[in-house]
Amino acid sequence: MPDKNAPEHYEVIVVGAGVAGIYQIKRLADLGVNATLLEAAADLGGTWYNNRYPGARFDSESYTYGYSFSKEVLDEWHWKEAFSGQPENLKYLNFVAEKFDLRKHMQFNSRVEAAHFDEGENIWRLHVCDGRELTCRFVVMALGLLSIPTLPRLAGMEDFKGESFHTFDWPHEPVDLTGKKVAVIGTGATAIQVIGEIADKVGDLTIFQRRPNWAAPLNNYKVSDANMAAIRTRYDEIFATCARTPGGFEHEPDRRGFFEVSREERVAMWDRLYDEPGFGIWLQNFREIFTDEEANAEFSEYIAGRIRQRVKDPATAEKLVPRDHGFGVQRVPLETNYYEAYNQPNVHLVDLGEAPLDRVTATGLRTTERDYDFDVIIYATGFDAMTGAHDRIDIRGVGGARLRDKWRTEISTFLGIFIHDFPNLFMPNGPQSGSASTNYPRGIEIGVNWCTALLEHIWAHKYARAEVTAEAAARWTDHVEKMYEVMLMRKAKSWFTGYNSNVEGHEEGTIRYLVYNGGMPKYVAAINDVAAEGYKGVAFSDGGPSGTTRATLEKTA
Ligand code: NAP
């Protein structure tokens, strides 16, 4: 007799209904697996459900960002802009979910608060915010890299009488900024999109900048029916190119040596790339930009010149030129009218390097120098990147080991997919996976396909438990860490190196090795080799599954 009080059991639970989770649940549904997806938010979409701030849009060409797995989706969906905006992106994800009838596998408002591995049963016990306990044999964490927004640690935030929100938590109902006095804190990729979009719509805009960022033009354009028809004929070629480039884009690095080319040729190339759409200026550039101080300094100076051309007030222009890092060693924001915004009389730049923020007041913000009054404060202050969403769940593996404690001392994974001592838990796009430094969905599809093949392997062999060996995890982590040695990125304070001044323990000082820097082709070769060698580094065992699970395993196999 089945125990009526036993928790709902699934073969696989996917956590997160973003781009990764949607595709993962589709693959599982296609296989007929007893699987469900738990999502904290009220609906699907992840990044594109949450980030509703004005100006939110892809920095990837839309047609390289979309899923590649379905010819029908590619044929039916019409991207309207080369770099599509948030409302359209959310529609797209809904279109995919509806087309494949995926909603029936998803549970919303179901934040997973804890996930504990039950070593006796070799199952995961998940505690959901509504009080339910669910169990599963395998858990796939598709939590997103940038899904935990972080606010400054400022006194008085609750005292502010106007409206204030982190960009990630932008209200679903329209926010009328017309004529308002608005503050934006931060000058990362998000702030740069917001500022370009709202500068000419608000009454007054004050930007609080701690450190400037190197940004370059997005050069967005409308996609006509003819453009779209041409894109559709090229999809195979587009995805083949994305698969062979380090960043998973159509942009391929210039393989000539920086110093083999004359200065005139370099500048001519940069002039061309600056006017082209997307990340070409970053990713079609010479590879030395990422590794060689001198090359990077020369190129950074070129971009500084562009900033000086675009910002009329020389003092403001100088404040917008980064001094502490070179171009491209942090994630490059792409912008539309960002620098021109500073030419408007209603836009003001406050350099927090001169006078840091002191506190939030009832009417605005106070720096160490003066008070500012606002109707709206926009916190574009970033994320507890990559490990943050995992840290927020009480994840406990073998011997009750807590993931958040383990990662406090060292981020360690195998392929960015497995974590030692956390059996049967997989991350298709985890820290140290190929996804973080690539055109995200390209990495996601690869990660999800790999995890799905792994699960099929497990089911075919009727294993109950799969875990990475300590040696394999140490080897991968060492490999990831070593790659930072050649990258100038290691010197920059950004989420690529695990920096976040608003999260305890992530303040500057220690690099956290979060990003796989080898590029997508090398990453894919590495994970494919592991699979081809019978998942070398992964230990499988038949740990005596519970009856329910055994039945599911047999059905699936
Ligand atoms: P971010 O790059 O981490 O930028 C956060 C900004 O807030 C920085 O300028 C930071 O200054 C500032 N800040 C943080 N705490 C502060 C404090 N206490 N006081 C004053 N300033 C503070 O975050 P983001 O802009 O949200 O971007 C994160 C990532 O999201 C991007 O790198 C990108 O990968 C992704 N993103 C993608 C898109 C897209 O694809 N279209 C768009 C937006 C974002 P410091 O630099 O001094 O720390």
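Every value quoted in this text rests on a predicted model; they were computed, and no experiment measured them. Only this structure's heavy atoms are used, side chains among them; waters, hydrogens and symmetry mates stay out. In what follows, residues are counted from 1 in the order of the sequence shown. Indexing begins at 1, ligand by ligand and atom by atom, following the structure's order.
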Among all the protein's non-hydrogen atoms, which is closest to [atom], and how far away is it?
atom	result
atom 19 (N) of ligand 1	Arg210 NH1, 3.7 Å
atom 5 (C) of ligand 1	Ala380 O, 3.4 Å
atom 18 (N) of ligand 1	Asn502 OD1, 3.1 Å
atom 38 (C) of ligand 1	Arg331 NH2, 3.6 Å

Distance-only N or O hit between ligand 1 and [X], under 3.5 Å:
X	answer
Thr190	yes
Arg57	yes
Ala189	yes

Taking the inter-plane angle between the rings of [X] and [Y] on a 0 to 90° scale, is it parallel (under 30°), tilted (30 to 60°) or perpendicular (over 60°)?
X	Y	result
Phe290	Trp282	tilted
His479	Tyr516	tilted
Tyr338	Tyr342	perpendicular

Part of Asn500 with heavy atoms under 4.0 Å of ligand 1, whether side chain, backbone, both or neither: neither
Backbone, side chain, both or neither: what part of Leu352 comes under 4.0 angstrom of ligand 1, heavy atoms only? side chain
Could you tell me whether ligand 1 has any atom less than 4.0 Å away from a heavy atom of Tyr53? yes
Please compare Ala385, Gly186, Ser437, Ser501 and report which has the shortest non-hydrogen distance to atom 12 (C) of ligand 1. Gly186
The one among Phe58, Tyr499, Phe383, Trp495 that brings a heavy atom closest to atom 31 (C) of ligand 1: Trp495
Are the charged groups of Glu485 and Lys482 less than 4.0 angstrom apart, N to O? no
Tell me, yes or no, whether the heavy-atom count around Lys99 atom NZ, taken from other residues, nucleotides or ligands under 6.0 Å, exceeds 12. yes
Is the Phe208-Tyr372 ring centre distance short of 6.0 angstrom? yes
Can you confirm whether or not the ring centre of Tyr49 sits under 6.0 Å from the ring centre of His172? yes
Run the ring-ring contact (aromatic ring centres under 6.0 Å, His included) check on Trp48 and Phe58 step by step: do they pass? CA-CA 10 Å; Trp48 302 108; Phe58 292 150; 5.1 Å; yes
